Colleague: 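Please read through the structure below; I'll follow up with questions.
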Protein chains: 2
Amino acid sequence: MLRFSKKADYALIAMKHLALRGDQAASAREIAEQYGIPVELMAKVLQRLARRDLLVSHQGTRGGYKLSRSPRLMSVADVIQAIDGPVTVTACSTQDDQCEQYATCNVRDPLWRIKERILTALGTCTIAELASDAPEPVHPPGTQSATWHPSA
Amino acid sequence: MLRFSKKADYALIAMKHLALRGDQAASAREIAEQYGIPVELMAKVLQRLARRDLLVSHQGTRGGYKLSRSPRLMSVADVIQAIDGPVTVTACSTQDDQCEQYATCNVRDPLWRIKERILTALGTCTIAELASDAPEPVHPPGTQSATWHPSA
DNA sequence: TCGAATTCCGACCGGTATTGTCTTATTTTA
DNA sequence: TAAAATAAGACAATACCGGTCGGAATTCGA
């Protein structure tokens, strides 16, 4: 399978929506209703994105969420990781693991390399690209990634 | 998360083991015990790999499994898909889906593109590469994939 | 010819993670 | 002050996955 979680899907939908909204804030309810997503769940997703500094929240009657920075400086990888935690292809992908087969595993290193490649695939797709729904001009592989934004 | 299933991990471990074995067959029990994997589960994994024509099985007392073709002609993607079915990043990745948000989803196409990139990442890593545990010389992206083997 | 080793196949169970709901508190604006 | 919104945590429902079990069918060797 190798699926994203539904929360991650919802997060990407919301991020694209907010990117298209420009500087105008949108509430959880508004987004949720537009895409047929349970309101409370959407709210939670947005909260987590805000805590991870991908969104800026504003409480109160006319409140809502806005992107914290230009969508060109945020990648799909950023969103996924904000919601689901670090991308780990196998249990052993993180160093401090309790994988049963750690000692005898014979494919750990190659899979770790694959994980890296997946990560750069996710990292080179920006939210801006999501919003425009057009592939960016092809980077020379590994040259530039929106995941590595110089300053927060 | 974005994890492989454990069955897929076991499958890759077994494939590498068999690749290193060369032409000598290995039984499910033998592999399972060597890597600390439950025997019945390992057996199931191998059965599925055999049914998908990645392995050749031989029943009976001195039976076991062998690779069906050169490990250079099988990719990690082949193994993953044999075990877990087609790689689908989202529910909507397959055309005939019952995703709730299908009608209103705004990120379907870009995510489909990401799926393609992940698939080529998995497709360009061969079982032979797993076995040697050395990265192949970098392909020009998309040029050649072990997934597209000309003849069975 | 018999028995042991092995692949094959389906059903089933249990735990865990994920999804989704509910409730309450807090903040802000009109 | 009331309404609208975020913030946060508890909790139920459910789906999925890892693992187990039992019973065939097949093959080899003694």
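Naming: A, B, ... by sequence-line order, numbering from 1 per chain. Here the structure is a predicted model, which means the values were calculated and not measured. Heavy atoms only: backbone and side chains are in, while hydrogens, waters and symmetry mates are out.
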Colleague: 5'-most contact on DNA chain D: B:Arg62 or A:Gln47, nearest heavy atom basis?
Modeller: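 The residue closer to the strand's 5' end, by nearest nucleotide, is A:Gln47.
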Colleague: With sugar-phosphate meaning primed atoms plus P, OP1 and OP2, does B:Ala43 contact a base, only sugar-phosphate, or nothing at under 4.0 Å between heavy atoms?
Modeller: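 Answer is nothing: B:Ala43 stays at 4.0 Å or more from every strand.
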Colleague: Whole-Å distance between D:dA7 P and A:Leu49 CG?
Modeller: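 Atom-to-atom, A:Leu49 to D:dA7, this comes out as 11 Å.
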Colleague: Tell whether A:Gln59 reaches the base of D:dT6 with its side chain through a donor-acceptor pair below 3.5 angstrom.
Modeller: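 Checked by distance alone, the answer is yes.
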Colleague: Round to a whole Å and report the spacing from CZ of B:Arg52 to P of C:dC9.
Modeller: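 Value for this atom pair: 13 Å.
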Colleague: From CD1 of B:Ile80 over to P of D:dC17, roughly how many Å is that when rounded to an integer?
Modeller: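 Rounding to the nearest Å, CD1 of B:Ile80 and P of D:dC17 are 13 Å apart.
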Colleague: Just by distance, no angles: are the side chains of B:Asp84 and B:Ser5 close enough, under 3.5 Å, to form a donor-acceptor pair?
Modeller: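 Side chains of B:Asp84 and B:Ser5: pair found under 3.5 Å.
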Colleague: Any donor-acceptor pair under 3.5 Å linking the side chain of A:Lys115 with the backbone of A:Val89?
Modeller: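 Flag not set: sc A:Lys115 to bb A:Val89 has no pair under 3.5 Å.
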Colleague: Calculate the interatomic distance between B:Met42 atom CE and C:dC8 atom C1'; express it in whole Å.
Modeller: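 In whole Å, C:dC8 C1' and B:Met42 CE are 15 Å from each other.
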Colleague: Is any side-chain N of the basic residue among A:Asp23 and A:Lys66 closer than 4.0 Å to the acidic one's carboxylate O?
Modeller: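 A salt bridge is present here (some side-chain N lies under 4.0 Å from a carboxylate O).
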Colleague: Go nucleotide by nucleotide along DNA chain D from the 5' end; which of A:Lys44 and A:Gly63 gets its closest nucleotide reached first?
Modeller: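 Closer to the 5' end of DNA chain D: A:Gly63.
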Colleague: Answer yes or no: does a side-chain N or O of A:Lys6 lie under 4.0 Å from OP1 or OP2 of D:dA15?
Modeller: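 False: A:Lys6 side-chain N/O out of range (4.0 Å or more) of D:dA15 OP1/OP2.
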Colleague: For C:dC8, does OP1 or OP2 lie under 4.0 Å from any side-chain N or O of B:Ser57?
Modeller: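 Answer is yes, contact under 4.0 Å.
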Colleague: Checking contacts here: which listed nucleotide (C:dT7, C:dT6, D:dA7) is nearest the side-chain heavy atoms of A:Tyr65?
Modeller: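 Nearest to the side chain of A:Tyr65 among the choices is D:dA7.
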Colleague: Using a heavy-atom cut-off of under 4.0 Å over every strand shown, decide if A:Ala50 touches base, sugar-phosphate, or nothing.
Modeller: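 The residue A:Ala50 makes no contact with any strand.
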Colleague: Taking side chain as C-beta onward, heavy atoms only, is B:Met15 less than 4.5 Å from B:Leu130?
Modeller: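 No, every pair of side-chain atoms sits at 4.5 Å or beyond.
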Colleague: Would you say B:His58 reaches D:dC28's phosphate, i.e. side-chain N/O to OP1/OP2 under 4.0 Å?
Modeller: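 Yes, B:His58 has a side-chain N/O under 4.0 Å of OP1/OP2 on D:dC28.
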Colleague: Please state how far atom CG in A:Leu46 lies from atom C1' in D:dA4, giving the value in whole angstrom units.
Modeller: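 Value for this atom pair: 16 Å.
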Colleague: Between C:dT19, D:dT6, C:dT21, spot the one nearest the side chain of A:Glu40, thanks.
Modeller: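 Nucleotide nearest to A:Glu40's side chain: C:dT21.
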Colleague: Rounded to the nearest angstrom, tell me the gap between atom CZ in B:Arg51 and atom C1' in C:dG10.
Modeller: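 It works out to 10 Å between those atoms.
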Colleague: Both A:Thr61 and A:Tyr10 contact DNA chain C. Which one's nearest nucleotide lies toward the 5' end?
Modeller: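 Nearest-nucleotide comparison on DNA chain C picks A:Tyr10.
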Colleague: Nearest whole angstrom, please: distance from the P of C:dT19 to the CD1 of A:Ile83.
Modeller: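 Rounded to whole Å, this separation is 10 Å.
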Colleague: Any donor-acceptor pair under 3.5 Å linking the side chain of B:Thr126 with the backbone of B:Glu129?
Modeller: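 Yes.
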Colleague: Rounded to whole angstroms, how far apart are CG on A:Leu41 and P on D:dA8?
Modeller: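 To the nearest whole Å, that distance equals 16 Å.
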